There are 2 protein chains.
Amino acid sequence: MSQTRIDPRITRTRNLIMDAFVQLSMKKEFKDITIKDITDEATVNRATFYSHFTDKYQLLDAVLTEDLMTKIFNDINLHDELSEESIIKIFLSITTFQSDLSTQCKRSYDAFMSSIEAKLKAQLEELFCKHLIKNQPQEDPETLRIASVMLSWGIYGASVDWQHNSKLTAEQYIQKALPPILNGMKLIK
Amino acid sequence: MSQTRIDPRITRTRNLIMDAFVQLSMKKEFKDITIKDITDEATVNRATFYSHFTDKYQLLDAVLTEDLMTKIFNDINLHDELSEESIIKIFLSITTFQSDLSTQCKRSYDAFMSSIEAKLKAQLEELFCKHLIKNQPQEDPETLRIASVMLSWGIYGASVDWQHNSKLTAEQYIQKALPPILNGMKLIK
DNA sequence: CATCATTAGTTGTTTAAGCAACATATTCGC
DNA sequence: GCGAATATGTTGCTTAAACAACTAATGATG
């Protein structure tokens with residue numbers, strides 16, 4: 001993975017800062033969290049913060065991609081097959097991720113939902129694309145990429161719809177949503 | 001407390017090393033734990049270990065005094081009065097400490113029990129002495145110190161006796177042991 | 001017993017983090 | 001609005017930790 005060995009001090013303080021930020025996010029709103037708050041919580045010098053992140057927005061960015069979103073995809077990347085089961089897993093991961101976010105963090109994070117959405121979809125797209133290319137190497141790559149785009153938007157859209165409009169449980173919802181997804185993937189096959 | 005501000009890096013890596021050692025103690029015997037095991041677990045460079053401790057014996061020493069024993073005395077030092085209640089608390093703390101040690105650590109720690117015993121008694125003595133001097137400043141200090149020695153040995157001896165010879169619970173045992181202790185302190189008053 | 005391997009310490013050099021001081025920039029109370 | 005306090009970046013210097021390379025010691029294996 002990482003070709004050039006990373007100094008353990010770097011990952012350590014980076015994690016300290018990110019963990020401190022996650023902790024503070026549970027207590028305060030994003031706008032009320034200062035750099036000093038973060039570095040105090042992390043027991044790291046304030047100047048050191050700036051050798052890792054330019055500002056707290058970039059930190060939020062890193063936390064979202066590295067810390068929270070990897071939790072979603074860690075389970076899934078292991079499975080080589082994009083089975084019905086893994087689709088279900090992905091959907092449930094997204095919904096729990098979203099509810100985690102709303103309980104763990106304070107209000108002001110609504111402002112970042114669009115950024116989070118974009119990141120999530122990008123990750124989903126990459127995941128789908130990787131699997132499609134692996135299973136259908138003869139197919140035109142651009143075709144597969146476009147299919148991945150639609151699948152990622154579709155499944156994410158479903159999670160948003162579930163959150164806002166549905167009375168079903170997430171498990172029930174995904175059962176109803178499965179056919180179009182699987183058919184969509186079949187079309188490509 | 002600490003007059004000269006301590007570099008946070010020092011306490012951080014020191015804690016990393018000590019925590020790693022405690023973790024390993026639950027899995028391995030002391031004799032089987034290498035410096036490399038410790039530093040790997042702590043994600044600290046092996047050379048760094050030696051700028052904190054000369055060897056693993058000194059580390060064990062530090063862990064026992066700073067890490068484990070402070071847990072015992074933290075609750076108690078808050079109370080200014082050496083009441084019946086706090087005596088009971090001390091006794092129960094000692095017994096739970098001893099059983100924690102035997103469950104958390106592997107066999108080979110028997111070899112260090114004498115050292116642990118000495119440390120515990122020294123701490124107890126200091127605790128008693130501090131309280132006696134505070135409450136009876138007119139009394140000869142050496143008299144109070146000797147009383148502290150006897151109290152610490154007595155109460156520790158009781159815990160050893162409880163462990164080996166008694167069928168009572170620790171709570172029942174200390175109830176029976178209380179009169180001599182309290183009388184001993186009264187003699188001084 | 002010799003050999004190979006692992007561990008224990010040590011040392012010199014490089015790098016990341018701590019620290020203090022500084023110049024903006026925001027925010028807050030009046 | 002204005003001044004004081006607080007937050008934000010930045011910089012030069014110091015120190016702790018990482019790293020690599022080495023010797024010595026302990027230990028296992030044939």
Side-chain angles (χ1 to χ4, degrees), chain A residues 1-25 27-63 66-67 106-109 111-112, chain B residues 1-25 27-63 66-67 106-109 111-112:
Chain A
M1 257 313 181
S2 54
Q3 36 249 50
T4 46
R5 249 311 85 343
I6 311 165
D7 191 320
R9 286 174 292 183
I10 296 176
T11 61
R12 185 182 306 146
T13 56
R14 195 181 159 85
N15 287 334
L16 282 171
I17 292 170
M18 285 172 52
D19 290 350
F21 177 73
V22 170
Q23 281 303 112
L24 289 173
S25 299
K27 292 180 261 176
K28 281 187 179 187
E29 294 198 38
F30 181 77
K31 71 171 173 50
D32 294 332
I33 298 175
T34 70
I35 308 292
K36 193 176 181 316
D37 288 339
I38 297 166
T39 53
D40 282 355
E41 175 84 20
T43 58
V44 158
N45 195 278
R46 195 167 59 82
T48 307
F49 176 91
Y50 294 101
S51 57
H52 287 265
F53 305 99
T54 60
D55 50 36
K56 62 176 176 170
Y57 299 93
Q58 195 189 317
L59 170 59
L60 173 66
D61 210 274
V63 167
E66 294 168 39
D67 216 64
K106 294 275 184 176
R107 290 144 293 291
S108 59
Y109 287 84
F112 304 103
Chain B
M1 259 312 182
S2 53
Q3 35 247 52
T4 47
R5 262 279 149 297
I6 310 165
D7 192 320
R9 286 174 292 183
I10 296 176
T11 61
R12 186 181 305 146
T13 55
R14 195 181 159 86
N15 286 334
L16 282 171
I17 291 170
M18 284 172 53
D19 290 349
F21 177 74
V22 170
Q23 281 304 113
L24 289 173
S25 299
K27 292 180 262 176
K28 281 186 178 185
E29 294 198 38
F30 181 77
K31 71 170 175 52
D32 294 333
I33 297 174
T34 69
I35 309 292
K36 194 178 182 314
D37 289 338
I38 297 165
T39 53
D40 282 354
E41 175 84 19
T43 59
V44 158
N45 195 277
R46 195 167 58 83
T48 308
F49 176 91
Y50 294 101
S51 57
H52 287 265
F53 305 99
T54 61
D55 50 36
K56 60 176 178 171
Y57 300 93
Q58 195 188 316
L59 170 58
L60 174 66
D61 210 274
V63 167
E66 295 169 38
D67 216 65
K106 294 276 182 174
R107 288 144 293 291
S108 58
Y109 287 84
F112 303 103

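Owing to the predicted nature of the structure, the values given are computational and were not obtained by experimental measurement. Within every chain, numbering begins at 1; the chains are lettered A, B, ... in the order of the sequence lines, protein sequences first and strands thereafter.
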Nearest whole Å is fine: how far is [N] [atom2] from [X] [atom1]?
X: B/K36; N: D/dT26; atom1: NZ; atom2: C1'; value: 17 Å
X: B/I6; N: D/dT15; atom1: CD1; atom2: C1'; value: 15 Å
X: A/R12; N: D/dA16; atom1: CZ; atom2: P; value: 15 Å

Ignoring hydrogens and angles, does a donor from either the side chain of B/R9 or the base of D/dA17 sit under 3.5 Å from an acceptor on the other?
no
Would you mind telling me which residue lines up with the more 5' stretch of DNA chain D, A/I35 or A/P8, judged by nearest nucleotide?
A/I35
Side chains of [X] and [Y]: does their closest heavy-atom pair fall under 4.5 Å?
X: A/F53; Y: A/D61; answer: no
X: A/L59; Y: A/F49; answer: yes
X: B/H52; Y: B/I10; answer: yes
X: B/R12; Y: A/T13; answer: yes

Please check this pair: side chain of [X] against backbone of [Y], looking for a donor-acceptor N/O pair closer than 3.5 Å.
X: B/N15; Y: B/T11; result: yes
X: A/D37; Y: A/D40; result: no
X: B/K28; Y: B/T34; result: no

Sequence neighbours excluded, which residues qualify as side chain to side chain donor-acceptor pair (under 3.5 Å) partners of B/D7?
B/R9
Under a 4.0 Å heavy-atom cut-off, which of residues 40-58 of chain B touch DNA chain C?
B/R46, B/A47, B/Y50
Taking any atom under 4.0 angstrom from a heavy atom of chain B, which nucleotides of DNA chain C are the first and last to qualify, 5' to 3'?
C/dT7 to C/dC19
